[in-house]
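Let me begin by presenting the structure, written as structure tokens, before commenting on it.
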Number of protein chains: 2
Amino acid sequence: MSNLINISEAASLALHGLVFIAKNQPSRINVKVLAEELNASQTHLAKVFQKLGKANLVRSLRGPAGGFELNKPAEDITFLEIYEIIDGEIILGDCPLGKNHCVFKSCIFDNELNRISQDIYETFSKMKLSEFS
Amino acid sequence: MSNLINISEAASLALHGLVFIAKNQPSRINVKVLAEELNASQTHLAKVFQKLGKANLVRSLRGPAGGFELNKPAEDITFLEIYEIIDGEIILGDCPLGKNHCVFKSCIFDNELNRISQDIYETFSKMKLSEFS
DNA sequence: GCTATTTAGGTACTTAAATTCCTAAATAAG
DNA sequence: CTTATTTAGGAATTTAAGTACCTAAATAGC
């Protein structure tokens, strides 16, 4: 079984978790509760949100009554931004598979695959957290 | 750095290798030559073609002058078929991330991501080996 | 037939990514 | 100020993909 769009479990957790937090604004939400709500691994979710915090997408507060909350308006947070923080920067190059060298003089998959890559990129950049909250 | 479309190195080898073979029909091509042509790992390529052979997409002949050749017309081989042999079957379900359970009652990414998944699926099923040979 | 070549297929190794575990640091509440 | 709670961050583990290695089986050419 395979997934056509390349989204890691971590990025999926980030996406779903942030939507949930956006929905529940302005309350702070801690990882334990969020993991229960998302039916997800608490430790993994914690790591993911650590990254989101480092990237200043969310702010965190430790201790009792601590947790995470959005660090900017939901309408200013795109899926592209979230995706790139977790899974790494997207580079839309000549090769849709991200290779530097290819035997074939011009990329044989160029037309089809680059169109799709472009489409995904644009779609991600248009999807805002606010649409779901 | 991240790749938006989920295609493994192995599937990429299969795709490129088969295009090369299709281009050079009706000659048989052996793994050593193919690896040189594709600038790829010979052992990995061998394993990939073993799979393609088992799936009857190519037929093989051992011994000197041996190698691989297409087992059916290039216009009857789609990228979807190749992709699924190597990376596994694609299931276009409700969840674009292939999960069984989701907290959100209806998939919040449904509209956008399923449209893209569908698009990739259809594009792959329309891309035939013969287009490149 | 003998030999060299080439695929088949199992096993083992390597590497990178994903995930979990554990301890430290912060902080709210009593 | 003490305790319980919660995030931070490093280390360790797990998993999956890719790669290498080795022996067996097939076969073409001499």
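The sequence lines fix the lettering, A, B, ..., with proteins before strands; numbering per chain opens at 1.
- Between V31(B) and L13(A), the residue anchored nearer the 5' end of DNA chain C, judged by the nucleotide with its closest heavy atom, is V31(B).
- In this structure, N6(A) places its CG atom 12 Å from P of dA17(D), rounding to the nearest Å.
- A distance of 13.0 Å separates OH of Y83(B) from OG1 of T78(B), quoted to the nearest 0.5 Å.
- Of the residues in residues 40-56 of chain A, those lying under 4.0 Å from DNA chain C by heavy-atom distance are S41(A), T43(A), H44(A), K47(A).
- With N71(A) contributing its side chain and N56(A) its backbone, the two residues share a donor-acceptor pair below 3.5 Å.
- Salt-bridge formation is detected for the pair K72(A)/E81(A): a Lys NZ or Arg NE/NH1/NH2 atom is positioned less than 4.0 Å from an Asp or Glu carboxylate oxygen.
- Once you apply a 4.0 Å limit to the heavy atoms of chain A, the touched nucleotides of DNA chain C run 5' to 3' over dA18(C) to dA28(C).
- With hydrogens and angles ignored, the 3.5 Å screen pairs no side-chain donor or acceptor of S12(B) with any backbone N or O of S8(B).
- The interatomic distance linking K32(A) (NZ) with dA4(D) (P) rounds to 15 Å, in whole Å.
- E112(B) places no side-chain N or O within donor-acceptor distance of the main-chain N or O of M127(A), the cut-off being under 3.5 Å.
- In the model, S60(B) has no side-chain atom that pairs as donor or acceptor with a side-chain atom of R28(B) under 3.5 Å.
- Residues K51(A) and D87(A) are not paired through a salt bridge, judged by the lack of any N-O separation under 4.0 Å between the basic side chain and the carboxylate.
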Go through the steps for E75(A) and K128(A) under the test salt bridge (Lys or Arg N to Asp or Glu O under 4.0 Å), then give the verdict.
CA-CA 6 Å; E75(A) 71 255 28; K128(A) 293 172 197 308; over 6 Å; no

